[in-house]
Structures are given as structure tokens and as C-alpha cells.
Amino acid sequence: MSSAKADIKIEIKRRVFTFRVKRYDPKTNGYKWSEYKVEVTNRQTVLDALLKIKATQDATLAVRYSCRMGTCGSCAMVINGTPRLACETKPFELGTDVITVEPLSNLKPIKDLVTDMDDFFEKHKSVDPWLIRKDEKEQFEKLDTYYPQTEEQLLNYLEFSYCIKCGACYAACPMVFLNKNYLGPQALAAAYRWSADNRDEGYVLRLKVIDSDNGVWSCHYSGTCSKVCPKGVDPALAINLLKKSLLTGKPPAR
Amino acid sequence: MGMVAKSTLMKWHYITGLILVVVVGIHLAFRWPSYEASIEWAGPHGVYEQLMNTGYMAAIFILLYAATYHAMNGLRTLLLELHQGRYWNVAVDVVIIIVGVFIVIVGTVALVGALSVI
Amino acid sequence: MTEKLSTKRNPPKWSLWFKGLDEWLLIFQKVSGALLALYLIGHTLIISTALNFGHPTPLTWEKIIGLIEGPQIIGNVHVGTIIEYLVALLVAVHGANGVRLILMQYFGWGLPKPERRTYPMVPSPKKRSQMAYKYLVIIVVVIFIVLASYVAFIG
Ligand code: SF4
Ligand code: FES
């Protein structure tokens, strides 16, 4: 054990990166750019760098984060032009010396890199993203066995259940930009995730939201959402599976 | 268009889309081998010849109706993506229906008249 | 909070969309769709006028079409020829990409089944069947351009 440990050499590289941060100022209702030079190692993330800037250079820089390990979905921002999680992106792996950091598009700004997620969560809620049974009381009162599920049934929705509601897909979607009421990739993927669950009976209830002018039909499968999703959720696939269901009249495979 | 489910509108959008691939294909194929010759009234491959071709004219009738539906539904979708509002939504539906019906009537009158004269 | 929240959303990153084929197809489908819808209205009205609204004569046809064709550029090619040529290209791209979307969304052709995700994750638009579709769209459009160029400028 100890000899194996000795063999592992952890190489730590250090480099000074320039961070160009686009900041929203609520007082003037405008944007400005700030530039910081900060040294990071190859094992640190953009979030680490921003926090270092906040600690040592500019305490007014506003960033939102919580878990620092890609689980909570608080820290999504546009890094070098692509929406991603700041806590999962390493400056050394971006390949540029100047790193631009901007708040998420398609969402309203609050301060600096912090965006207002209210619209996003409202849309998520509007698809009833929870287990719906025809008999509402059953799961609380008279459940004598659990709802069984096979491996195959699990795979029908598993990949869509990894979503952490970070909003990266929503920020990347061209159709959300065109139609600000469009539900967007995340909410529609959630609609599919629950409708494709064999324990759920709420597909019909979700139809009035997903089969509307702001529902699935705006999607052209450009898949920008799927390409930026840090969790590999592939919302574009979910949306197009929903479309197929609506067109053929067959509910999602479950 | 609150009465019709969006999926019904879109189903027909897709069906007319598939029809259009065929009939627009025919419409464009009749420009062969020369575009200029195909829009002369007389002469080989000219307009008179096209009007005499029953199969081609059937395709043109289908093209008129399918394209009008496909275009108007597409335009409606786009206009509702650009903006939404109580009055806007109603106005879009009204304008789309009026324009669509107008095109269909003008086109049908012209085509039917042309066929009966020739 | 003393400051009022902004009512405007953060602007989009255009560069994110301009670097991918998928996004270009989306933009093209929307823009060409709008242009073609307007073209349909104009085309129907003009041809109906040229057919004299059901009482066609060679004279009215030649007059209206001559007007629409505009001045000659070289040989057989008029200003109208160029415009129609460009419209035909819009039709080709809109049609080819439209068929892709219909086959995928209506019939589910080439739409992958949900599966257990393993690293490295490949998003469905980058999967083989999807890319094949998109290259097919390009091939069809290129063939169309060759034929259309012949019809418009040579034939
Ligand atoms: S689908 Fe992916 S990108 Fe979108 S909110 Fe969920 S985790 Fe984030
Ligand atoms: S801080 Fe939780 S996902 Fe980045």
C-alpha cells in the first residue's frame, strides 16, 4: 500500500491567468468588464479562481455557488463563450491565457455573475415534475407494496433524471432567446423524465403545458442544450421523444 | 387558435411538409431543361404545355393548398415566438386566416379559370 | 433590496450558435421559412395576375412575366432568374432539413433510445445516425445547386 502510494507523483503546475469578468451593476442597470490576474494551479477550477479573486483582489465580485463539486447547479456561468459549471471547469484545460467569464444568457441578471433563476424554476414547476398517481392518497395511506420497477424501465428515464437545474442548457438554447416564454430544454426534459417513469400516471396532465405554443414544438433539434449539459442529460433527445409521442399519440415508452 | 391542439396543427404541418417535398419537386422539375423556356407561354416545355398536362396541374392544386397551410402555420408559429400578448395572439390568428383564405381563393380562381378556358 | 431587478435578460452568446452546423440549420430553417411564406403570397398573386385571374391570354402572360423578369443580365439570364434561383436554394435547404426533422420527430428514425450514460458522454445530436442525416442534407443541397445552376444559367 505504502509503496504504491509513493509511486504516484502528483505534478502541480502553476500559472497566472487573466480573468475578464462581465459584471452586471444593478445600480446603473448596465454591464462592465473587470480584469484580474490570478495564479492558479492545474488542480483548481474557475470557481476557485473567482473565489481567490474575491478574497485577495476585489471583495465586491458577486458569485453564486454552494457545493463546489458539480452537484447543486448554482455556479453555471458562461466561460469562454460556453455555458458550464464554474466548479467543474479547470483554467488549465481551457487552453487560453485570457478566460472570459459572463453571467448566463436568457436569464435576468441580479449582480455580476449572479442571475435570477425565477423564470427558469417557474417553468420547471409548470410541468408538474413529480410522481403523479391517479389515486393521490394511495402512496401515503394504503401502500402495501412499493411500486416495482425493472432495470429496463429505469433506463427509459434514468439519463434525464441526472439534471441538477443549473440552467446551462436554458442559457444556450436559441429558441429560449427567440421566445422568452418557451419552456426550454430543462423543463421539457423533466416532463419527459416523469412521463416516462412507469410509476407515474401524470402524462395527460402535463400535455396542456408541453403541447402548447410554448411547449415542445419550438425545438429544431439543434441540440445546443445537450452539448453544454454538464450532466449528460441530453434534453434535446427528451423533447424530440415527446414530440414523437404527441404526433403518434403513443405515450412515452415506460 | 385555442380550439385546436397545437399537436394537431403541427401534425398537419408535418404531413403537408412531406406532401410539399413531392409537389414542389414536381413544380421545380418542370423547369427542366431551361428555366427561361419554361416560363415562355408557347414553345416546348412552355406554360401552355404545362397547363395542358393534367398530372402537373393536379400537383399544382395540391401545392397551392398544402403550401398555404404549411406557410401560414409556420408564420403563425414564428410570430408567436417573436411576441405574445392577449391582443397580439388573436390578431395573429385573424391575419393568418384571412391571408391564407385569400391566397387559396385567388389561386383557385386563376387555376380553375385557366383550365376551363384552355 | 434597494436596487430594482433588471427586467431585461442577459444577451445571448451568438458565437456559441455560429460555430455549429446544427445551429446554422435551425437559423436557416426559421429565416428561410419566413422568406418562403412571404414568397408564396407574392408568387401566387403574380402568377394569378399573369393568368389574368382565370381568363388567360398569351399577351397578359408575356406582359406580366416580362415585367417581373426585369432587365436582362447576360444571355438568357434576367434579374428575375437570379431571384428565382436564390428562392429555389432556400426551398432546397428548408426541404432537405425539414425532411430530416419530420423523419426524426414523426417516425423516430435515427432518434436514439435513452440509455445508461457512461463517460465520455456523447450528446444525441453528435451520434452517428444524427450526423449522417445532417451530412445527407448537405449532399442533397449540393446536388440541387448543380441541377438548379444548369437549369437557370446553361439550359
Ligand atoms: S439539463 Fe443539464 S444543463 Fe440543463 S439544467 Fe439540467 S443539468 Fe443543467
Ligand atoms: S457549486 Fe454546486 S454545481 Fe458548482
Side-chain angles (χ1 to χ4, degrees), chain B residues 10-11 13-15 17-18 20-22 24-25 27-42 45-48 51 60 63-64 67-68 70-79 81-82 96 99-100 102-118, chain C residues 29-34 36-62 65-66 68-69 72 75-78 80-81 84-85 87-88 91-92 94-96 98-99 101-103 105-107 144 147-148 150-155:
Chain B
M10 290 310 289
K11 188 183 274 182
H13 194 75
Y14 285 21
I15 294 173
L18 284 179
L20 281 172
V21 172
V22 178
V24 171
H27 191 45
L28 292 180
F30 269 71
R31 309 302 115 204
W32 189 268
S34 159
Y35 172 72
E36 291 299 324
S38 76
I39 59 168
E40 298 279 330
W41 180 263
H45 309 294
V47 175
Y48 186 78
L51 286 169
I60 290 298
L63 171 57
L64 174 65
T68 307
H70 194 84
M72 291 305 123
N73 188 45
L75 218 48
R76 173 179 181 272
T77 306
L78 187 60
L79 289 173
E81 277 165 355
L82 289 174
I96 288 298
V99 173
F102 178 69
I103 298 176
V104 163
I105 291 177
V106 171
T108 310
V109 167
L111 287 178
V112 171
L115 282 185
S116 50
V117 169
I118 287 167
Chain C
Q29 195 77 356
K30 285 273 164 203
V31 174
S32 64
L36 288 172
L38 299 179
Y39 174 80
L40 172 74
I41 300 173
H43 186 66
T44 314
L45 294 183
I46 290 167
I47 299 299
S48 299
T49 316
L51 286 175
N52 209 5
F53 297 107
H55 308 282
T57 62
L59 218 61
T60 39
W61 178 270
E62 299 294 354
I65 295 300
I68 292 302
E69 278 278 86
Q72 204 162 10
N76 255 342
V77 181
H78 295 71
T81 318
E84 297 282 313
Y85 177 74
V87 171
V91 170
H94 192 91
V99 169
L101 291 173
I102 294 173
L103 291 183
Q105 300 176 341
Y106 206 149
F107 303 100
F144 184 89
L147 293 179
Y150 175 78
V151 168
F153 305 124
I154 301 169

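Every chain is numbered from 1 and lettered A, B, ... according to where its sequence line falls, protein lines coming before strand lines.
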Quiz item: Do you know which of Lys11(B), Met72(B), His70(B), His13(B) has the most heavy-atom pairs with chain C at a distance under 4.5 angstrom?
Solution: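 Highest number of pairs under 4.5 Å: Lys11(B).
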
If you count heavy-atom pairs within less than 4.5 Å of chain B, which of [options] leads?
| options | result |
| --- | --- |
| Asn52(C), Ile102(C), Ile47(C) | Ile102(C) |
| Phe153(C), Phe53(C), Tyr85(C) | Phe53(C) |
| Thr81(C), Val91(C), Ile65(C), Ile154(C) | Thr81(C) |
| Glu69(C), His55(C), Gln105(C) | Glu69(C) |
| Pro58(C), Gly95(C), Ala96(C) | Pro58(C) |

Residue [X] versus chain B: region with a heavy atom under 4.5 Å:
| X | answer |
| --- | --- |
| Val99(C) | side chain |
| His78(C) | both |
| Tyr39(C) | neither |
| Phe144(C) | side chain |

Side chain, backbone, both or neither: which part of [X] has an atom under 4.5 Å from a heavy atom of chain C?
| X | result |
| --- | --- |
| Ser38(B) | neither |
| Val112(B) | neither |
| Leu79(B) | neither |
| Ile103(B) | both |
| His27(B) | side chain |
| Glu81(B) | side chain |
| Val21(B) | side chain |

Nearest heavy-atom neighbours spanning [X] and [Y]:
| X | Y | answer |
| --- | --- | --- |
| Gly107(B) | Thr44(C) | CA-CG2, 4.0 Å |
| Ile39(B) | Trp61(C) | O-NE1, 2.9 Å |
| Leu51(C) | Ala110(B) | CD1-O, 4.3 Å |
| Leu40(C) | Ala71(B) | CD2-CB, 3.8 Å |

Taking C-beta and beyond as the side chain, do [X] and [Y] meet within less than 4.5 Å on heavy atoms?
| X | Y | result |
| --- | --- | --- |
| Ile41(C) | Phe102(B) | no |
| Leu18(B) | Tyr106(C) | no |
| Pro56(C) | Trp41(B) | yes |

Self-check item: Short N-O contact, Arg31(B) and Glu84(C), less than 4.0 angstrom
Solution: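 The answer is no: the pair does not qualify as a salt bridge.
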
Exercise. Give, for atom CD of Gln29(C) and atom CG of Leu78(B), the distance between the pair rounded to the nearest 0.5 Å.
Key: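 So the gap between those two atoms works out to 11.5 Å.
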
Quiz item: Between atom CG of Leu75(B) and atom CG of Leu38(C), what is the distance when rounded to the nearest 0.5 Å?
Solution: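 Nearest 0.5 Å value for the CG-CG distance: 6.0 Å.
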
